[in-house]
Amino acid sequence: MRNFIHAAKFAFAVFLLFGELEVLAQQPNLLLAPKEGDYIAHNFQFKSGETLPELRLHYSTFGTPARDAKGRVTNAVMLLHGTTGAGSQFLSPQFAGVLFGPGQLLDLNRYYIVLPDNIGHGKSSKPSDGMHAHFPQYDYDDMVAAQHELLEKGLGVNHLRLILGTSMGCMHSWVWGETFPDFMDALMPLACQPVQIAGRNRLWRKMTIDAIRDDPAWKAGDYTAEPSNALKIAAEMFHIAAGSALQMQKDFPTRGATDAANAEYVKRFSASHDANDLLYAMNASWNYDPSGQLDKITVPVMFVNSADDFINPPELGIAEREIKRVKKGRFVLIPISEQTQGHGTHTKAEVWQQYLKELLELSQP
């Protein structure tokens, strides 16, 4: 029984790394709840050629925009979440409790924090709203274009002090730096690579996509009940990809504890995911590859990965190679320790906040 409880707690902690739950009520460090709203992008054109008459982009904000004499916003920070997550992932104590408080690096009294839910995620427009597999196919370029429109037309933000992105948001950061090189003062990509998704990273994603498409219960996306077998396989893939081998071995060192943790994770994952939403989110990275235009990024970049990241393993040497092509780029590899949490280290701010501090100082206008 003790092993089961311990394993269940660990599975729940790993689950949080992908930002699925809103945990604002759990944190004493935030004195204010964020302001939430929806921006409607009319006749949004996707790269696929498809158009959505009304694309809903949900967002949360903290603070108030400040402007200089020319009307340019000087204190806006946009935080970009990971695959299947939402802006609410940044409300967890391990992130907001470390960065948002008085005197902390992203003090809400100083900064205007923008937390968008990206296309297909959170409370923004997504396949499960009703279109199912007839929802337009979107990619990372579409998601960044929507973020840009939300900022400029929805929130009146014409400049960002910082873009910080985790996992998928990390990849969006590279796209932002190349597409809108003058829009921000600094970029902090956490837990990704600035190259196309290939090798093992592509394999686990494709296995998840195939599990959904090959499940007869998926019915080409027009199911009325979730394809449970597909979601079970997807959950187990996410469990492996998100976790730290060191922490997993430490927290459930027996077969029984491991199986209990997996069962609990699958249960929670399946209850909170829609198969079409997951399929679209995983497939959105299919054409991502910023490597050819890294020299277009002109602002300071603090690129951080952790050494126990299953998705972005350090032995590939990709980050060290590619950062040389970024004019003002620096790469930091965080060693494995009791504090790192595999891929999810990206949201554990205490581990990397010193590098955020350096970036903010370096990029001060």
Next on the checklist: With a 3.5 Å distance limit and no angle check, can you tell me whether His343 reaches the backbone of Gly243 through a side-chain donor-acceptor pair?
Outcome noted: no
Checklist entry - Can you pull the salt bridge (charged side-chain N to carboxylate O under 4.0 Å, His left out) pairs that have at least one residue in residues 292-318, sequence neighbours excluded? => result none
Checklist outcome for this item: Residue pairs passing the salt bridge (charged side-chain N to carboxylate O under 4.0 Å, His left out) test with at least one member in residues 125-136, sequence neighbours excluded, are Arg56-Asp129, Lys126-Asp129
What pairs of donor and acceptor atoms, side-chain ones from residues 357-365 against any protein atom, are under 3.5 angstrom apart with sequence neighbours left out?
unit_1 : atom_1 : unit_2 : atom_2 : d
Lys357 : NZ     : Glu361 : OE2    : 2.6
Glu358 : OE1    : Arg330 : NH1    : 2.4
Ser363 : OG     : Arg161 : NH1    : 2.9
Ser363 : OG     : Arg161 : NH2    : 3.4
Ser363 : OG     : Leu359 : O      : 2.7
Gln364 : OE1    : Arg161 : NH2    : 3.4

Next on the checklist: The criterion is ring pair (Phe, Tyr, Trp, His ring centres under 6.0 Å); which residues satisfy it with His134, sequence neighbours excluded?
Outcome noted: none
Checklist entry - For atom NZ of Lys327, is the number of surrounding heavy atoms from other residues, nucleotides or ligands below 6.0 Å larger than 12? => result yes
Item to check | Closest non-hydrogen atom pair, Tyr111 against Leu105 | outcome: CE1-O, 3.2 Å
Item to check | Donor-acceptor contact present, side-chain Ser60 to main-chain Glu36, <3.5 Å | outcome: no
Checklist entry - Between Phe269 and Tyr265, what is the ring plane arrangement, given parallel below 30°, perpendicular above 60°, and tilted in between? => result parallel
Item to check | Results of salt bridge (charged side-chain N to carboxylate O under 4.0 Å, His left out) for Asp210 - residues two or more places apart only | outcome: Lys206
Checklist entry - Run the side chain to side chain contact (heavy atoms under 4.5 Å, CB included) check on Lys153 and His42 step by step: do they pass? => result CA-CA 11 Å; Lys153 296 183 179 181; His42 295 282; over 6 Å; no
Item to check | Near-ring test Phe303/Trp174, centroid separation under 6.0 angstrom | outcome: yes
Checklist entry - Can any side-chain N or O of Thr179 pair as donor or acceptor with the backbone N or O of Val175 at less than 3.5 Å? => result yes
Checklist entry - Distance only, no hydrogens: is a donor on one side chain within 3.5 Å (strictly under) of an acceptor on the other, for Ser244 and Gln341? => result no
Checklist entry - With no hydrogens and no angle check, do the side chains of Asp139 and Asn287 hold a donor and an acceptor under 3.5 Å apart? => result yes
Checklist entry - Between His172 and Tyr140, does the ring centre distance come in under 6.0 Å? => result yes
Checklist entry - Do Glu322 and Arg325 sit within salt-bridge range, that is, some charged N less than 4.0 Å from a carboxylate O? => result yes
Next on the checklist: According to side chain to side chain donor-acceptor pair (under 3.5 Å), who are the partners of His81, at least two apart in sequence or on a separate chain?
Outcome noted: Asn118
Checklist entry - Should the pair Tyr138 and His121 be assigned to parallel (<30°), tilted (30 to 60°) or perpendicular (>60°) ring geometry? => result perpendicular
Checklist entry - So Phe100 and Phe95, would you call those rings parallel, tilted or perpendicular, with 30° and 60° as cut-offs? => result perpendicular
Next on the checklist: Could you check whether atom CE of Met131 has more than 12 heavy atoms from other residues, nucleotides or ligands sitting under 6.0 Å from it?
Outcome noted: yes
Checklist entry - What residues form a salt bridge (charged side-chain N to carboxylate O under 4.0 Å, His left out) with Arg67, not counting sequence neighbours? => result none
Next on the checklist: List the residues meeting salt bridge (charged side-chain N to carboxylate O under 4.0 Å, His left out) with Glu50, not counting sequence neighbours, and say none if there are none.
Outcome noted: none
Validation: residues 224-233 side-chain donor-acceptor distances under 3.5 Å, sequence neighbours left out:
unit_1 : atom_1 : unit_2 : atom_2 : d
Glu226 : OE1    : Ala275 : N      : 3.0
Lys232 : NZ     : Glu236 : OE2    : 2.8

Item to check | Test side chain to side chain contact (heavy atoms under 4.5 Å, CB included) applied to Thr61 - qualifying residues, sequence neighbours left out | outcome: Lys35, Tyr59, Tyr112, Val114, Leu155
Checklist entry - Taking only residues at least two apart or on different chains, which pairs with a member in residues 87-110 satisfy salt bridge (charged side-chain N to carboxylate O under 4.0 Å, His left out)? => result none
Checklist entry - Parallel, tilted or perpendicular for Phe180 and His148, by the 30°/60° rule? => result parallel
Checklist outcome for this item: Sequence neighbours excluded, the answer for salt bridge (charged side-chain N to carboxylate O under 4.0 Å, His left out) partners of Asp215 is none
Checklist entry - What distance do Ile240 atom CD1 and Met207 atom CE have between them, rounded to the nearest 0.5 Å? => result 8.0 Å
